[in-house]
Structure formats: structure tokens, C-alpha cells
Amino acid sequence: MKTKEKLLHILETNKNHWVSGEEAAGMLSISRTAVWKAVMSLRNDGYVIDAVQNKGYRLTSEADELSELGIWKYLGPECRNLDIHLLTEVESTNVLLRQKADTGCPEGTVLIASKQTEGRGRHGRRFYSPADTGIYMSLLLRPERIAPEYSLRLTTIAAAAASETIELASGKAASIKWVNDVFVENKKVCGILTEGSMNMETGHLDSVVLGIGINVYEPEKGFPDDIKDTAGAVFDRVVTDGKNILAAGFLNRFMRYYLSNDFSSYIAEYRKRCFVIGRKIEVIKQDQVYKGVAVDVDENCRLVVQYEDGSSERLSGGEIRLNI
Ligand code: BTN
């Protein structure tokens, strides 16, 4: 364990209580200057640590800052090979990771940003990504010899992992609008964008960048007009370590499903949460709208649709909306 991790442990054990520089130095067998350097480094990682002369240091509660160390605290063994990088601001974590993938960076590279200036959504839309109120994360996967249809599998695994994580952290029911939007209390709180790159010689996916955006808190000035009726947030008050818990929870669950050879458990979870099953929907294809009913999600996570004209189809992608 590094000095700063040991110090964090001491401060966490004494959360909201003062630990003097001398006490900490004694416990760690280091100088008081080294304690101060470790405090600065923890602050850099996002921890809120008060420092007062003659009192010492105090880790305060109700702080919710994304940090690499903070995420690692909650990660399980299935994530041990991940290489996580936290960025303060980036155009788009998906775009940056795509560039890194092209230069050969390995599976398991994760970029997480506190703010995106050009966050990308599905169907060429933008994903509103203001500072500090959300999690904007991309994960690089290099599935071996996997056909392009597999990206639907990855997208839906991500939706199942995200909705389970959000529900557990918030205590509010989280459901999925096929294919990968997560809803809480009828508002979208999370979106997923999977971008694959194909190896032209083999026809298989060479790499996949899986991007997930979670609205953890409502922005101070609210959501912009174009999404204010549809967007929501996971928490309605500050939750200590909430962002680190959500980011790690998602990675834990996603990696567990991804590394498992048995996909049936995630399909069951996905179906259970997919609120469009049994509902009237509209399928949008090349600006045309087709009315039907979403009958089921099949074992490959395609949406089974029965159209009004009696025909049926299994959708692997595209856009649907509820026909209320
Ligand atoms: C959608 O709902 O349309 C998908 C949104 C995906 C947003 C995430 S945020 C992290 C990653 N980087 C991006 O630019 N987009 C994805």
C-alpha cells in the first residue's frame, strides 16, 4: 500500500474527526512534511480534506468527487486488469479512446471524464455532459473473433449492468428502454454508445469503444431546454462517493457479464427491466414511422416487433419510441 493509501485509511477510520499531523506521521513512520504531501496528493484525487493549524487533518463526509483511487476502492477482482484514467475535461471520451485504440492500446483501457465539451450520443446526437454532475466513461474492448452483431450483445450487457448499478445505489427502480437507455421515474438518466471498428480482412470486430454517460445529479441550472422534459438524474441529494460507487459498480457488473461464458443471466436481467415489452411502439427507419407492438426481446437481445400490418421483425438496432 502506498503512503497516501495508508493515510486515506487512517482518515477514513476517523472520518469527520481531526487527526494531527504528528499522529499521522507517527502511525505511518514518516515525517510531517511527507504527511502533508500525501494530503495534497489525495486532494488531487478529489478527496475533501480539511487542514487546520493545531488540529490537523479531517476527511469530510458528503463529498462526491470522482477519483481513480476512489473508484479502485469499490472495484472487484474482475476489474483487476483495467487501466483507468481520469480526465478533467475532454471533447469526448469515446473519440479519444478510439484514437488510442488505433495506436494499439489494450483491452481494458478506461477513460473517465468529469466534463465533455462534445459528448456524443446515438444517431449523431450530442450527449449533454456538464462538469461534475455526471460520469462520462469509455471502455476499450477487443473481443476475439467476434462478428459485428456482437456489438448489440455488448450494448445490452452495458444497459443491464448500468440499470442494476443505478437501482442499487439510488434505491429507485431503474428500467431499460430498448436498446440501451436507462430510465428512473420516467426520465432518462443514462445513455450508452457503442462504437466498433472492423478488421476488413477477417470481417470481425477489431475493437469496440463502449461509452456510457450517467446523469448523477441535476446540473445547477437544470437540464437544457431540449432535454429538460426527458432527462433526469440518479440522485436528488449529494451522496458521499456516489460517482465513484456508480462508476465502479458499472465496471464490476459489466466485466462480470462480459467475462462470463453464460449470457443467459444477463438476458434474464435485461428482459426483466425492459419496459417496452408488451407496449405499443413506433419504429423509426429512415424517417419513416412504423406502428406495432414490442412482443419480446430474443436470446440475442433483438427486439421482436409485431407490426399493425401483421408482419413481424427482429430489430438489431435503430430507434423506437413508445406510442402512448
Ligand atoms: C445516448 O444516449 O445517445 C448515448 C450517450 C452516450 C454518452 C457517452 S458519455 C461517454 C462517452 N463519450 C461520448 O462522447 N459519448 C459516450
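Please read these numbers as outputs of a predicted model, since none were measured by experiment. All ligand and atom numbering here is 1-based and tracks the order in the structure. Heavy atoms only: backbone and side chains are in, while hydrogens, waters and symmetry mates are out.
The hydrophobic clustering, which links ILVMFWY residues whose side-chain heavy atoms are closer than 4.5 Å, places F275 and I176 together.
For Q306, the CD atom counts as densely surrounded, since its 6.0 Å shell holds more than 12 non-hydrogen atoms of other residues, nucleotides or ligands. Counting heavy atoms of neighbouring residues, nucleotides and ligands inside a 6.0 Å radius, atom NZ of K187 exceeds 12 of them. Other residues, nucleotides and ligands contribute more than 12 heavy atoms inside 6.0 Å of the NZ atom of K73.
Closer than 4.0 angstrom to ligand 1 by heavy atom are S92, T93, N94, Q116, G119, R120, G121, R122, F127, Y136, M137, S138, D181, K188, G191, I192, L193, G211, I212, G213, sorted by chain and number.
Ring geometry, Y266 versus Y270: the interplanar angle exceeds 60°, so the pair is classed perpendicular (tilted spans 30 to 60°).
Note: T93 OG1 to L87 CG = 8.5 Å, rounded to the nearest 0.5 Å.
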